[in-house]
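Have a look at the structure below, then the notes.
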Amino acid sequence: MPNGYNGKILHVDLTKGALTVEEPNEAFYRKYMGGSAMGMFYILRDMPKGADPVGPDNVLTLMTGVTTGAAISGQSRINANAKSPISGGIGDSQGGGFFPAEMKFAGIDGLVIKGKSAKPMYLWIKDGEFELRDAAHLMGRKTGEVEDILKEELGDKKIEVLQHGPAAEKGVLFSSLVSMANRNNGRTGMGLVMASKNLKAVVVRGKKKPMLADSKALAALNKTGPKILPDNPDMPGLAAEGTATVVLFQNTIGSLPTRNYSEGQFESCEDISGARMVETVLKERDTCHACVVRCKRVVEIKEGAYKVDPKYGGAEYETLGTFGSYCGVNNLAAINLANQMCNEYAVDTIAAGATIAFAMECFENGVITKEQTNGLELKFGDADTMLKALEMMLNGEGDFGKTLGMGSERAAKKWGNGAEEYLITVKGAEAPAHMPHAKHSLGLIYAVNPFGADHQSSEHDPYYEEGVADLNLNRLKLLGLGTPQPGYSLTEEKVRFAYLTEVFYSMLDSVELCQFVFGPAWTLYGPAETVEMINAVTGWGVTVDELMAVGERRLNLFRVFNAREGLTRKDDKLPKKFYKTLKGGGPTAGIALTHDEIESALDSYYKFAGWTNDGIPTPQTLEKLDLAWAI
Ligand code: SF4
């Protein structure tokens with residue numbers, strides 16, 4: 001068994017109720033390392049082309065990585081992959097908390113789940129033993145209730161639960177997988193896939209610590225974390241205010257999507273800032289297994305119209321962006337209640353908030369009327385109406401609630417009447433709260449990313465622009481990036497930056513590391529420490545290049561999957577609204593992306609990636625990556 005791993009992948013066939021263990025060899029582990037690179041091996045091998053995303057043929061993988069469970073910050077992560085019910089291409093989402101480490105301790109490295117159970121079940125894994133158990137009593141319940149019932153039933157408060165919620169049972173397309181009732185594998189509908197298999201939850205508990213090649217080296221690196229944290233320009237803010245710390249910066253550079261991406265600055269940004277959260281509603285900070293950063297929020301509101309239960313955590317930046325400025329809402333309590341509702345029902349807050357903002361713009365422009373909204377008067381800035389729309393969405397209430405639950409792209413098709421002019425989606429995925437008008441290379445990544453617009457798939461432009469801090473640039477130099485570019489640009493060098501940092505992030509989603517702790521530029525640890533850490537765990541002697549090859553494998557396997565399902569360059573397409581000039585104030589007012597810059601960036605990007613001009617990996621590229629089997 002290789003260091004760092006259990007050497008066991010558990011295959012779950014829900015149709016047959018069969019559980020079987022595979023023990024891959026060390027070369028397999030070193031080639032894919034874990035997470036979505038490893039998941040893609042099984043998905044491409046076991047899922048037939050054209051599988052129904054909510055049918056038994058879809059294959060859902062849940063994979064930890066090489067370092068999961070080791071005593072160092074940022075390692076307790078897990079990636080979920082399957083065919084996405086939103087795009088019909090690959091789905092991908094990373095989540096953290098304590099579940100991933102506990103799954104490792106329970107004796108397995110990953111799960112490959114296929115088929116469909118005749119009745120609702122949950123999978124119980126404890127100390128290397130596993131069984132499927134009846135889950136009928138858990139259905140229809142909020143995630144926090146399910147956690148409580150399972151802890152009582154299994155007589156152990158330290159179990160960890162990864163579950164889909166009631167929204168998936170109502171068919172909400174962007175349903176997530178939730179652990180601890182507040183940590184999400186949020187994007188691309190992985191909760192709906194698990195629900196479609198009649199698998200309610202995976203529950204884990206164990207005592208098995210992974211073997212380490214050099215525990216002293218790992219402990220030494222771990223000890224540096226708290227020491228270097230205060231000197232990193234970005235870390236103290238993240239620790240003190242959580243991801244909400246970027247609200248004001250985003251506003252300053254004109255990248256805070258306001259009223260459905262019509263403006264890049266929100267006049268009430270201070271009301272939804274990280275500092276305001278700390279002053280008003282924050283109860284405490286929380287963390288993931290062994291992490292010193294403690295960026296997670298716990299919000300409690302006992303008085304007023306919007307009460308919030310700390311069990312469901314607190315709003316992250318993306319939730320503040322989508323339910324806040326995206327909807328024109330400045331009520332922090334209401335946004336945190338929206339966050340709670342999304343966690344109770346298990347949905348992606350980005351898709352949920354952005355879909356409501358899209359409906360608001362449609363309503364304000366007369367595309368839809370009270371007839372379509374079941375009487376709701378949807379207006380930007382109206383917190384009560386936003387929460388009512390969310391409630392209808394989560395419960396599949398009325399035609400409007402059901403339509404919202406399909407996401408904005410399908411809603412636009414249903415409503416017609418010019419609704420598609422207001423879409424902010426790529427491959428069906430609503431764009432996060434980072435605007436390509438301020439971060440042009442991120443716009444390129446929104447277009448090419450195999451699972452749609454995503455902000456966690458590459459480094460953002462300000463870290464490769466003139467004036468970037470030495471710490472950031474010195475790290476990027478390890479990836480061959482030493483020439484910062486002008487702001488608000490999409491030069492050829494920026495495309496190279498987008499591609500190379502995308503590959504690094506892709507590796508992080510395979511090795512399974514938190515992108516706030518390990519990364520190519522701003523995080524607690526940089527590429528050099530990433531290599532050091534993996535070698536301390538495995539003893540393999542890996543280099544940055546070997547890790548980058550893992551990232552490339554993941555990206556290429558995603559694109560192979562998408563090509564097999566018919567997705568090509570035509571799907572690497574940004575919404576029309578990105579090409580219209582922004583209103584409002586700030587540095588992005590009057591700015592629009594141009595078709596010329598994006599098409600030319602696509603040409604360059606495909607060349608860097610070794611793909612055809614239609615965005616498909618060439619046989620030579622796959623052979624170079626030792627992926628000839630995927631041609
Ligand atoms: S930085 Fe935040 S999200 Fe990442 S592992 Fe630490 S506590 Fe979890």
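Residue numbers count from 1 along this sequence. Each ligand, and each atom within it, is numbered from 1 in the order the structure gives.
The protein heavy atom nearest to atom 8 (Fe) of ligand 1 is Cys288 SG, 2.3 Å. For atom 4 (Fe) of ligand 1, the closest non-hydrogen atom on the protein side is Cys514 SG, 2.3 Å. For atom 3 (S) of ligand 1, the nearest non-hydrogen atom of the protein is Cys295 SG, 3.5 Å.
Summarising the geometry of Leu111 relative to Ile125, their closest heavy-atom pair is CD2-CD1, 4.2 Å, with the distance given to 0.1 Å. For the residue pair Asn472 and Ala521, the shortest heavy atom distance occurs at ND2-O, 3.1 Å.
Residue Phe516 approaches ligand 1 through these ligand atoms, each under 4.0 Å from one of its heavy atoms: 1 (S). Near Thr287, the atoms of ligand 1 lying under 4.0 angstrom from a non-hydrogen atom of the residue are 7 (S). Near Val293, with a cut-off below 4.0 Å to any heavy atom, the atoms of ligand 1 are 1 (S). Each of the following atoms of ligand 1 lies closer than 4.0 Å to a heavy atom of Val517: 1 (S). Interface of Cys291 with ligand 1, defined as ligand atoms under 4.0 Å from a residue heavy atom, comprises 1 (S), 5 (S), 6 (Fe), 7 (S).
With 3.5 Å as the limit, one finds a donor-acceptor pair spanning the side chains of Asp454 and Ser457. Side-chain atoms of Glu459 and Tyr464 include no donor-acceptor pair closer than 3.5 Å. Side-chain contact annotation: Asp214 with Asn535, donor-acceptor N/O pair under 3.5 Å absent.
Using a 4.0 Å cut-off between charged nitrogen and carboxylate oxygen, Asp470 and Arg475 do not count as a salt-bridge pair.
In this structure, Arg77 is part of the shell of residues with a heavy atom less than 4.0 angstrom from ligand 1.
Between Tyr345 and His164, the gap from one ring centroid to the other reaches at least 6.0 Å.
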